[in-house]
2 protein chains.
Amino acid sequence: MDQFFRSRDGGASPLDSARAVRPAARKARPAIRAENERALLEAAEQVFAEEGFGGATTAAIARRAGVPKANLHYYFVTKDALYRAVVERVLTAWLAAAASFDGSDDPREALAAYIGAKMDLARAMPLASRIWSAEIMRGAPMIQDFLDTTLTDWVAARETSVRRWIAAGKLKPIDAKVLFYMIWATTQQYANAAHEMATLNGGRPLDDAAFERAKRQVIATIVDGVTA
Amino acid sequence: MDQFFRSRDGGASPLDSARAVRPAARKARPAIRAENERALLEAAEQVFAEEGFGGATTAAIARRAGVPKANLHYYFVTKDALYRAVVERVLTAWLAAAASFDGSDDPREALAAYIGAKMDLARAMPLASRIWSAEIMRGAPMIQDFLDTTLTDWVAARETSVRRWIAAGKLKPIDAKVLFYMIWATTQQYANAAHEMATLNGGRPLDDAAFERAKRQVIATIVDGVTA
DNA sequence: GTCTATAATCGGATAGAC
DNA sequence: GTCTATCCGATTATAGAC
């Protein structure tokens, strides 16, 4: 995972990202460390999602996690390292959802499974999903290596599948990238714009039934829109 | 326009947002004021788009505009007021694009015109569009009044049109809000994720021809996906 | 491993000379 | 109307006692 990240100053090689978290001292109580790291990561996810990287402060994160600020800097040496740890979590989840595209040779099934998985990811991890979008909006200073390597390869491979489906008459003659941009944008929207959706829903967040209806409509629209 | 805004502390009524910009002194040279405000707004748009509200600094904005930092605070009393002025511009553009939905009684034409206008907006004003998305992602602290009033009314009226088209057998039985969320997300993507798209395009931004092809595919996918 | 105290810097905003 | 100098609270990060 570390190979995807570079430090925010842009000058680092993939290798030096090493461990963002200090190694545990011998004979430490692992439970305390695990709990403090968990609380800090959870608080960091909230604050980074609400305020963005620049607007987030380590003091606010430490306060929300219920640990002294100096403790935050003990577990995560810099604000940057803490942010990286948060982004790693959602990258893992993103890759897991991506795998769901490959469960079927039929484009309708593959697309339905992938769109559904991405919708579920936005619903289950809205804060992490928002951080992911914000990272991309800022020009991906932390995940450029991921875009250059894993994502580029992933898209290229799926473009081959799409071309095969087009040749087989199963899909319209579309550009696969444009399709993926639409899928990414639409599914992320259910994390990014949850507040706007709540406002337009009479002030209440979407309940599970409304979300499931939305998921079905999103899948149906895209699948019907690209199949021949 | 001012009635859409509230100050970021959340406690303000629409009335007190008054003039974010100082009134010109009598006998001032309007050209200097106009040029300084223009340079500051342009620089602010760049910095807010790159760093977010919290990450942007007035020093960086003043430096990019080529004016002393104290001058920024002369023209725009607070960072908040400068941000509000930037958001006002994109709100105006958003409303102009929204009007293009109402040019036809046929859903295919209305949707094509609106999606095309939103795509063109993202292409023509990518920085302002990104700020708009970031504002919504943060929970719309500055444009909540717009969401509560103008946007709520706009969506409600278009939902009526969509229901009419469904009843006439021209559209599938869809939820209009889910359709609009998809349109908003997909079109914004061409501003928000321009860097990611460039990476997947061999490092080069989309040229005009590629953008026009994407626009046609987005329109076709959505229109074909929702028409009966 | 924890946390109080503090260093060093940066941030928004202003005073007041020109 | 402009801009240098500066205030002062906030911010990241660390030192060092416990």
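Just so it is clear: chains get the letters A, B, ... in the order the sequence lines come, proteins before strands, and each one is counted from 1.
The nearest whole Å value for the distance from the OH atom in A:Tyr74 to the P atom in D:dT12 is 21 Å. Distance, B:Lys79 NZ to C:dC10 P: 16 Å, rounded to whole Å. Rounded to an integer number of Å, the gap from CD of B:Glu51 to P of C:dC10 is 15 Å. With rounding to whole Å, A:Phe76 atom CZ is found 15 Å from C:dG1 atom C1'.
The side chain of A:Ile32 approaches C:dG1 more closely than any other nucleotide in the set C:dG1, C:dA15, C:dG12. Residue B:Asn36 places its side chain closer to D:dT2 than to any other of D:dT2, C:dC3, C:dA13. Comparing atom distances between the A:Pro68 side chain and each of C:dC3, C:dA15, D:dG1 picks out C:dC3 as nearest.
Residues of residues 58-67 of chain B having a heavy atom closer than 4.0 Å to DNA chain D: none are found.
Note on A:Arg38 versus A:Glu42: salt bridge recorded, some NZ/NE/NH1/NH2 to OD/OE distance being below 4.0 Å.
At a cut-off of 3.5 angstrom, the base of C:dG12 holds at least one donor-acceptor pair with the side chain of B:Lys69.
A cation-pi arrangement is found for B:Lys79 relative to B:Phe53, the charged atom lying closer than 6.0 Å to the ring centre and inside a 45° cone about the ring normal.
B:Trp184 meets the side-chain hydrogen bond (donor to acceptor under 3.5 Å, both in side chains) test with B:Tyr114; sequence neighbours excluded. A search for side-chain hydrogen bond (donor to acceptor under 3.5 Å, both in side chains) contacts involving B:Glu45 returns B:Arg89, not counting sequence neighbours.
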